[in-house]
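Okay, so here's the structure we're looking at.
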2 protein chains.
Amino acid sequence: MRIDIWSDIVCPFCYVGKRNLELALAEFEHRDEVEVVWHSFELDPSATEHPAGSLPEMIAGKYQMPLEQAIASQESIAERAREVGLDFNWRQARYGNTFDAHRVIHYAAEQGLASAAQEAFKKAYFTQGRSVQDHESILDIASEIGLDTAEVEAVLKSDRYAVDVRADEQLAHQLGINGVPFFLIESKWAVNGAQPAEALVQALRQVWEQTHQVEFLNPLAGAAGDAAGNNAAEAGPSCDVNGNCS
Amino acid sequence: MRIDIWSDIVCPFCYVGKRNLELALAEFEHRDEVEVVWHSFELDPSATEHPAGSLPEMIAGKYQMPLEQAIASQESIAERAREVGLDFNWRQARYGNTFDAHRVIHYAAEQGLASAAQEAFKKAYFTQGRSVQDHESILDIASEIGLDTAEVEAVLKSDRYAVDVRADEQLAHQLGINGVPFFLIESKWAVNGAQPAEALVQALRQVWEQTHQVEFLNPLAGAAGDAAGNNAAEAGPSCDVNGNCS
């Protein structure tokens with residue numbers, strides 16, 4: 001079972017959603033058959049450098065809201081993060097552009113380290129007050145999860161994986177995704193936003209049941225036939241294992 | 001979109017079902033994206049040689065029914081075949097074992113000729129009164145659809161593709177298929193028996209719609225939420241494209 005996730009590093013609910021998914025997978029009986037595929041999504045592609053002030057100051061300026069309101073909002077988000085065991089040090093957060101970090105995560109994915117990279121970058125931004133934009137900082141974070149420093153340096157100095165980041169974002173656009181985290185299960189069933197672990201595990205079970213059970217179609221029977229249970233759909237004429245044709 | 005079909009050559013409703021599917025595909029707007037995969041199913045694996053008498057005589061003997069009843073049954077089946085333009089010459093039908101023909105169809109599938117082979121063998125048995133068991137006859141039928149005679153001879157003289165026929169039948173058993181034709185769309189939606197072309201085209205459209213639309217899950221909302229429309233499922237907290245987190 002495949003789960004595609006769109007998320008950004010500087011998106012607190014993406015970190016909460018990641019943790020909720022981990023909690024859900026711990027409960028899910030078929031977790032060994034789950035494959036997670038991460039997709040890039042930039043909340044703020046236009047961000048070019050670290051803002052001078054704190055995160056609430058940046059937000060207050062960007063959305064023209066009172067500083068107190070921006071602070072209250074960050075405190076509220078931090079409280080929700082705390083509920084799933086995450087420490088959101090919003091006072092230290094170094095807001096910035098995440099494009100290069102996403103490129104490095106795509107490189108990490110090729111090494112089988114996408115989830116580790118997602119965790120490391122989110123923790124760096126969210127908890128550790130580290131830049132996820134400056135190349136020196138990205139190199140440190142990447143090396144901590146075991147990525148080859150020379151390779152990551154080569155990625156950062158080039159355009160490598162830019163096309164992958166853009167393809168992810170184009171796909172998000174095509175799917176009508178305008179908020180993250182966004183979870184797509186088996187290319188079909190969507191969970192929008194950081195829903196609680198119990199909702200995620202129910203969603204996983206619901207999809208598992210739907211994809212592991214043959215559903216009999218009897219389209220001409222109409223809605224009444226469906227309501228009576230799809231698996232009772234009337235068969236057409238057939239020949240059985242004993243050679244009886246009727 | 002993939003359609004897996006289990007069928008046997010000596011199964012009249014499998015020929016009717018094949019024709020119904022062709023009629024359905026002619027109507028179906030996404031027919032160019034349909035791939036058909038044929039699977040072997042033997043109605044009578046124990047058949048060892050052509051029975052001495054006619055098909056109704058064989059049936060009357062096998063099922064201990066009056067000959068008149070067996071004839072009436074064949075006439076009824078022929079009438080249903082006629083309705084979709086097929087000519088079931090049951091008086092000439094040469095009932096027999098189909099294992100080797102199924103092996104040859106698997107070889108044909110490797111050459112991209114599975115559907116042609118299905119048609120040729122069914123027509124041979126059903127309409128032309130030809131054996132689909134005797135190797136000489138199988139070779140003729142295979143060469144008529146362009147298969148290499150030496151290769152088909154080598155298949156017939158060996159055990160090649162026996163494992164494929166048995167794997168198909170084992171899969172049918174696992175899926176609980178005990179009558180053919182059996183159509184499985186996208187490994188999930190089943191059409192059981194030779195349903196009319198209009199039912200098949202509706203089934204194809206139904207599956208197409210279900211597989212080409214993202215469905216939003218909100219499992220904790222329960223049945224009431226679903227009844228209100230899955231696509232209205234409540235989102236969890238998220239950060240939007242403008243960086244707003246709520």
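Chain A is the first sequence line, chain B the second, and so forth, proteins listed ahead of strands; every chain is numbered from 1.
- Contacts with chain B (heavy atom to heavy atom, under 4.5 Å) involve these residues of residues 35-46 of chain A, listed by number: A/F41, A/L43.
- The pair B/R205-B/E209 does not count as a salt bridge, with every side-chain nitrogen at least 4.0 angstrom from each carboxylate oxygen.
- Aromatic ring orientation, A/F126 versus A/Y15: perpendicular (interplanar angle above 60°, classes split at 30° and 60°).
- A distance-only check finds a donor-acceptor pair linking the side chain of B/E57 to the backbone of B/S54 [under 3.5 Å].
- Residues that satisfy the side chain to side chain contact (heavy atoms under 4.5 Å, CB included) test with B/E49, not counting sequence neighbours, are B/Q133.
- Note that the CZ atom of A/F28 and the CG atom of A/L204 stand 5.0 Å from one another [nearest 0.5 Å].
- Of the N and O atoms on the side chains of B/S7 and B/K122, at least one donor lies less than 3.5 Å from an acceptor on the other residue.
- Side-chain contact between B/V214 and A/K188: absent, with no pair of heavy atoms (C-beta onward) separated by less than 4.5 Å.
- Proximity to chain B at a heavy-atom threshold of 4.5 Å picks out A/K62, A/Y63, A/I77, A/R80 from residues 59-89 of chain A, in numerical order.
- Contact tally against chain B (heavy-atom pairs below 4.5 Å) for A/S246, A/A194, A/P237, A/S238: the top residue is A/P237.
- To the nearest 0.5 angstrom, B/T48 atom OG1 is 7.5 Å from B/N97 atom CG.
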>> Could you go through B/E119 and B/E22, starting from their C-alpha distance and side-chain angles, then the distance that decides it, and tell me whether this counts as side-chain contact (heavy atoms from CB on, under 4.5 Å)?
In response: CA-CA 11 Å; B/E119 181 68 27; B/E22 286 154 6; 3.9 Å; yes

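- Chosen from A/T211, A/V201, A/N242, A/V10, the residue pairing most often with chain B at heavy-atom distances under 4.5 Å is A/N242.
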>> Assess the residue pair B/F99 and B/R166 against the criterion (side-chain contact (heavy atoms from CB on, under 4.5 Å)); give the C-alpha distance rounded to whole Å, side-chain angles, the decisive distance to 0.1 Å, and a yes or no.
In response: CA-CA 9 Å; B/F99 192 77; B/R166 291 194 191 108; 3.8 Å; yes

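- Nearest heavy-atom pair, A/S131 versus A/H50, reported as atom, atom and distance to 0.1 Å: OG-NE2, 2.8 Å.
- With a threshold of 4.5 angstrom between heavy atoms, B/D8 does not approach chain A through any atom at all.
- The line from CE of A/M58 to CZ of A/R94 is 13.0 Å long, rounded to the nearest 0.5 Å.
- Ion pairing between A/R2 and A/D4 holds under the 4.0 Å rule for side-chain N and carboxylate O.
- Using a 30° and 60° split on the angle between ring planes, A/Y95 and A/Y125 fall in the perpendicular class, above 60°.
- The stretch residues 167-186 of chain B places B/L175, B/N178, B/G179, B/V180, B/P181, B/F182, B/L184, B/I185 near chain A, each with some heavy atom under 4.5 Å from a heavy atom of that chain.
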>> Test side-chain contact (heavy atoms from CB on, under 4.5 Å) on B/K18 and B/Q118; report intermediate values, then the result.
In response: CA-CA 9 Å; B/K18 182 177 185 298; B/Q118 286 285 349; 3.9 Å; yes

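- Each of B/C239, B/C245, B/G243, B/G193 has some count of heavy-atom pairs under 4.5 Å with chain A, and the biggest count is that of B/C239.
- Only the side chain of B/V207 comes within contact range of chain A, with at least one heavy atom under 4.5 Å from a heavy atom of that chain.
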